[in-house]
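Please read the structure below before turning to the comments.
Quick caveat, the model's predicted, so the values are computed rather than measured.
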Amino acid sequence: MRNGRGAVNNKVVKLLNNYTRKKESEKKVLTGEQRVSRRRTVLVSSLMLVVAGILLVMALHQHNQNSLLKEEVVSNEEILENKITEARDLEQQIKQLNDDNYIMRIARSEFFLSEEGEIIFNLSEGNDDESVTTEDGNGE
């Protein structure tokens, strides 16, 4: 309690015996242990937080790498599909070029080759003139 002058009035006297000293020393030790325990907890928590942050950064980096690789795989699959289609077309063209009938048909349409006794009419879209060629090569 306080008296009128602001001084604390101490009516309780501390007992100084072995029991009270023992309890006060235990209290100090317990307070020190609690302080050390808090420091350890803060240290371990901060280390775990740092490790979690590093793992999060690594996970984001891996996610970005996976996205880039997926895009690359998709583009490579499209290229592969185009190459496979091109290879099939080329194989078909090889089969056709090995066929004599196909070669004759191409020669007749592209180079106007004719068989004996055959007349070829050249109908060009730019000219209105029609020319007739016989087997002797004279135009009529």
Counterpart residues, side chain to side chain contact (heavy atoms under 4.5 Å, CB included), relative to [X] (two or more places apart):
| X | value |
| --- | --- |
| Asn76 | Glu72, Ile79 |
| Leu80 | Ile84 |
| Glu77 | Val73 |
| Asn18 | Arg21 |

Other hydrophobic cluster members with [X], side-chain heavy atoms of Ile/Leu/Val/Met/Phe/Trp/Tyr under 4.5 Å, chained?
| X | answer |
| --- | --- |
| Leu68 | none |
| Val74 | none |
| Tyr102 | Leu97, Ile106 |
| Val36 | none |

- [ ] Give a yes or no on whether Glu81 atom CD has more than 12 heavy-atom contacts from other residues, nucleotides or ligands under 6.0 Å away.
- [x] no
TODO: For Asn17 and Thr20, test the side chains for any donor-to-acceptor distance below 3.5 angstrom and give the result as yes or no.
DONE: yes
Task: Inter- and intrachain pairs under salt bridge (charged side-chain N to carboxylate O under 4.0 Å, His left out), touching residues 28-46, at least two apart - done: none
Residues 41-57, side-chain donor-acceptor partners within the protein, below 3.5 Å, at least two apart:
unit_1: Thr41; atom_1: OG1; unit_2: Ser37; atom_2: O; d: 2.8
unit_1: Ser45; atom_1: OG; unit_2: Thr41; atom_2: O; d: 2.7
unit_1: Ser46; atom_1: OG; unit_2: Val42; atom_2: O; d: 3.1
unit_1: Ser46; atom_1: OG; unit_2: Leu43; atom_2: O; d: 2.8

TODO: Mind checking the CD1-CD spacing from Ile94 to Gln92? Nearest 0.5 Å is all I need.
DONE: 10.0 Å
Open item on the list: Nearest 0.5 angstrom please: Lys70 NZ to Ser75 OG, how far?
Closed with: 14.5 Å
Task: salt bridge (Lys or Arg N to Asp or Glu O under 4.0 Å) involving Glu26 - partner list, sequence neighbours excluded - done: Lys23
TODO: Would you please name every residue forming a side-chain hydrogen bond (donor to acceptor under 3.5 Å, both in side chains) with Asp100, sequence neighbours left out?
DONE: none
Task: Residues Ile103, Asp99; criterion side-chain contact (heavy atoms from CB on, under 4.5 Å); working and verdict - done: CA-CA 7 Å; Ile103 293 173; Asp99 185 18; over 6 Å; no
